[in-house]
Every structure is written in structure tokens, then in C-alpha cells.
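Just so we're clear, the structure is a prediction, and the values are computed from it rather than from any experiment.
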Amino acid sequence: MELRCMAEKSAGTVAEVFIAFLKLGLTSFGGPIAHLGYFRTEFVERRKWLSESSYADIVALCQFLPGPASSQVGFTLGVLRGNGLLGGLAAWFAFTTPSAIILFAFALGASVLTGPLAEGILHGLKLVAVAVVAQAIWGMASSLTPDRERAAIALAVVAIVVFVGGSFGQIGAIALGALAGLWLCRRDGRPAPSGHLGFSVSHRHGVIALVIFMVLFLVTPLVAAKTGSQGLALFDAFYRSGALVFGGGHVVLPLLQAEVVTPGWVSNADFLAGYGMAQAVPGPLFTFAAYLGAVAEPAPNGLAGASVALIALSLPGLLLVYGMLPFWDALRLRPTAQAAMRGTNAAVVGILGAALYNPVWTSAVLTPRDFAVALAGFLLLTVWKLPPWIVVVILASVGAALRLI
């Protein structure tokens, strides 16, 4: 069913959207794939806001674009049900705020955590990061690099990131992945997309959103460099990372590491501890930005830094999905666009694989006991299928116990 018709039939209120997504923001553990399942259960099956095929079209669009897929899907559902941009913003704010508040509070408390017990807990959170990133690579490799061509792209990207390093190497790797996809990934063996995605967003509003996205992406770094403003530099670092996150929330890890750890704004130890803690909270993984913005040095940090970082990381994905709504039907049927995305998705597997070694592994796995704990966490996630928050509790407790022995 065409989403334009569905929007007319299913129009609700902004308050209704906010309450529905606040509930999910408080209870949606498990990462972006789990979030998409929660959304389907809540809005397709229980509330019947839209049809199964319409929901599948929205998910396909958000997975095609860079940005946090679950947050983009939620934003789009808010636009649909709330009958416009205000509904989308209400959905994003309600889904994002609970975990952002928790991570901001953790940032404030992390600086006062001292002593063997606290150090053990923080080290356990670093080992959680090892297990979670390894699990992400395991799952993404099976779906995004299923053939020799895409596996070769991923391996080449690992080499690029290792030898070039920094954000430049990662941006170049994504671009080369897209070019390699145009050459190597024309055939995927899956049927071409079908169905129709219409939406009550005008072409004019879509173009405005895309222009804003490009202006912020291209102009902000120039203004930040010219003025020397740390606030603009912080915004630009997180905005650029959010604009380049293909393939899921975990891919933001190496991008943010290059942007905030390399210049010395956040220590590598604090970075990994926050990333581990982010696995224990509900809602989108992108709220990790609230923690990073709060602990960053120099100012702005605290509440101002958390707000700037969180908004900047999420904004490009929201602008892109809003801007692409009127054009998605035509673009998704183009073989060149599909091939480029296959190559890009393979590239992000390589980027995440390089990040698993440095900084995640090299900073967390310091002894054979650390390796055993990280491996146990990986098996708990992949074989026993435990929720990530339970694994966080277990490994943090083990880390504390080992430090006290």
C-alpha cells in the first residue's frame, strides 16, 4: 500500500507519537536489529499504524542511507503518524533521550570512580566492547560479505585503514568501497526491489533537507578551522562521523575514535569504557555521543558538550532520510545504486575489523585472563544469545573480581 494513502488513513497526534516512542526508548534493549523488531511488533502488529509492506519499504530506505537505521526508521514512522516533521522529531527525541540521560550520568560519575573495584569495572566494560564489536563483525560479515568479491573489498579496506589511519583513511575506504562495488558487485543473486514507496513529503522540502546536509558537511569544517572554535570543531567531528556511518551503529566506533581520541579530546580508556556502558542501556547506540561530549576536553563538555555531540551525530542521518523520502522509489531501482551500496557495506565490515584490533583489542586485552573473559562474552552473545545488558553486568562483575584477586 502506498504510504501517502496510509498517512492519510492513519494520521495521529504528536503526543501519541511521543508517548509510544518513549515507551520503546525505555525498554528497547539489544541494538539496532532488535529495535527494528520492536518497531514492527509495536506499530505494524499491535497499533496497526502501517502495513507490513510499507514498514519493509521504510526499513529498506534507512538501511540504504548512512546513519543509525533504527533511529531513522523511528523518525520516519513519527513523520508518518505525526503527519510531518514535528512528529518525526518527537519520535527521535522520545526514543533517544532515556539512554542519553543514563550515559550522561555515567560520564559524570566515571571521573570519580577510583580504586581497584572501580578500575576493575571499567576494565570489564572495555572487554565488553571487544565482545560486542567481534559479534557485530561476525554477523555483518555473513550478510554483507557473502561472496569473494565483497570479502576482497573488506580485506582491502582493512589494509587501507591500517596503513593510512585516521578519518581520512576511513573516508577514502568507504569511497573506494563504493567504486569497487560498481565494478565487482553488479550481480547479487537477489530479486530486484518491488513495491512502491510514496510519502507526503514534497520534493521541495526533500531538496532543502539535502542541501542543509551538504552545507553542514562541507562548510562547517572550514568555518571551524578559520575561527578556531572548539564548539564548531566538536560539532563537525560528530556530524562527519554520523554522515559516514554505513552498515549499523557499531561502525560509528572507529569513526568516532579517529575524531575524538586521536586529537586527544577523550582518552582511549574513557572511550572504551563508555562504549562498553552503551551496550547496557536501551535505545540507540548513537547516544554514546552524549557520553563522549560530556567527558571531552577542552570545553564545551558536560551538558553542553553532550547535547552538541548527540545532535551532531544524529542530524545527518535524519536530514538524509527526510530528504530522500520523495526520491527513494526511483533511486532504489537503479542497478548502479544497488551495486555501490553492496561495495560500501563490504567496506564497513573492513573498517570495523580494523577497529576490533586497534583500538579495541590492544587497549582491553592485556593478559591471557582478559582474552578468556572477552571470549566468554563473545560466546554469551553469539551462542547463548544473552541480551547485551546481561553480558555487560557479567563482564563488569568479572573485571571487578579479577582486579580484587
Side-chain angles (χ1 to χ4, degrees), residues 67-68 71 89 92-93 96-114 118-119 121-122 125-126 129 165-168 170-171 212-213 215-245 249 252-278 280-281 283-319 359 363:
S71 294
L89 294 176
W92 174 82
F93 185 81
T96 302
T97 301
S99 57
I101 291 174
I102 295 171
L103 288 171
F104 175 69
F106 177 70
L108 297 182
S111 61
V112 300
L113 292 176
T114 59
E119 292 172 1
I121 292 173
L122 293 176
L125 292 175
K126 296 180 191 178
S167 58
F168 178 78
Q170 292 164 4
I171 294 171
I212 293 173
F213 166 82
V215 168
L216 290 175
F217 187 79
L218 297 175
V219 175
T220 304
L222 301 178
V223 177
K226 187 173 182 62
T227 62
S229 167
Q230 177 62 19
L232 276 178
L234 186 72
F235 179 91
D236 175 56
F238 282 87
Y239 186 88
R240 195 173 339 113
S241 297
L244 297 171
V245 178
V252 79
L253 173 72
L255 297 172
L256 287 179
Q257 192 272 341
E259 295 293 346
V260 302
V261 175
T262 301
W265 298 348
V266 178
S267 73
N268 205 51
D270 288 344
F271 182 89
L272 290 178
Y275 185 76
M277 184 62 187
V281 300
L285 184 61
F286 267 39
T287 53
F288 177 41
Y291 167 87
L292 293 176
V295 301
E297 292 287 350
N301 45 32
L303 181 59
S307 302
V308 169
L310 180 60
I311 292 171
L313 191 64
S314 301
L315 184 58
L318 301 186
L319 287 171
S363 299

Student: One pair to check against side chain to side chain contact (heavy atoms under 4.5 Å, CB included): Met277 and Phe288. What are the steps and the verdict?
Tutor: CA-CA 9 Å; Met277 184 62 187; Phe288 177 41; over 6 Å; no
Student: Please name all residues satisfying side chain to side chain donor-acceptor pair (under 3.5 Å) with Thr96, sequence neighbours left out, ordered by chain then number.
Tutor: Trp92
Student: Name all residues meeting the side-chain contact (heavy atoms from CB on, under 4.5 Å) criterion together with Asn301; count only those two or more places apart in sequence or in a different chain, and write none if there are none.
Tutor: Glu297, Ala299
Student: Closest heavy-atom contact between Leu318 and Ser71?
Tutor: CD2-O, 4.4 Å
Student: For Ser241, which residues count as a side chain to side chain donor-acceptor pair (under 3.5 Å) partner, sequence neighbours excluded?
Tutor: none
Student: Identify the residue among Leu256, Leu285, Asp270 that makes a side-chain contact (heavy atoms from CB on, under 4.5 Å) with Tyr275.
Tutor: Leu285
Student: Is the Phe106-Tyr291 ring centre distance short of 6.0 angstrom?
Tutor: yes
Student: Centroid separation under 6.0 Å, is that true for the rings of Phe238 and Phe286?
Tutor: no
Student: List the atom of Ala258, the atom of Pro263, and the distance in Å for their closest heavy-atom pair.
Tutor: O-CD, 3.7 Å
Student: Table please: side-chain donor-acceptor pairs of residues 302-317 below 3.5 Å, with sequence neighbours left out.
Tutor:
unit_1 : atom_1 : unit_2 : atom_2 : d
Ser307 : OG     : Leu303 : O      : 2.9
Ser314 : OG     : Leu310 : O      : 3.2

Student: Would you tabulate the side-chain donor-acceptor contacts of residues 220-227 under 3.5 Å, counting partners in other chains and residues two or more places apart, or write 'none'?
Tutor:
unit_1 : atom_1 : unit_2 : atom_2 : d
Thr220 : OG1    : Leu216 : O      : 2.7
Thr227 : OG1    : Val223 : O      : 2.8
Thr227 : OG1    : Ser229 : N      : 3.3

Student: What's the separation between atom CG in Asn268 and atom CD in Gln257, rounded to the nearest 0.5 Å?
Tutor: 5.5 Å
Student: Could you work out, with ring-ring contact (aromatic ring centres under 6.0 Å, His included) as the rule, every residue matching Phe235, not counting sequence neighbours?
Tutor: Tyr239
Student: Would you sort out whether Leu234 and Trp265 count as a side chain to side chain contact (heavy atoms under 4.5 Å, CB included), showing the intermediate values?
Tutor: CA-CA 9 Å; Leu234 186 72; Trp265 298 348; 4.1 Å; yes
Student: Rounded to the nearest 0.5 Å, how far does CD1 of Ile212 lie from CG of Leu319?
Tutor: 6.0 Å
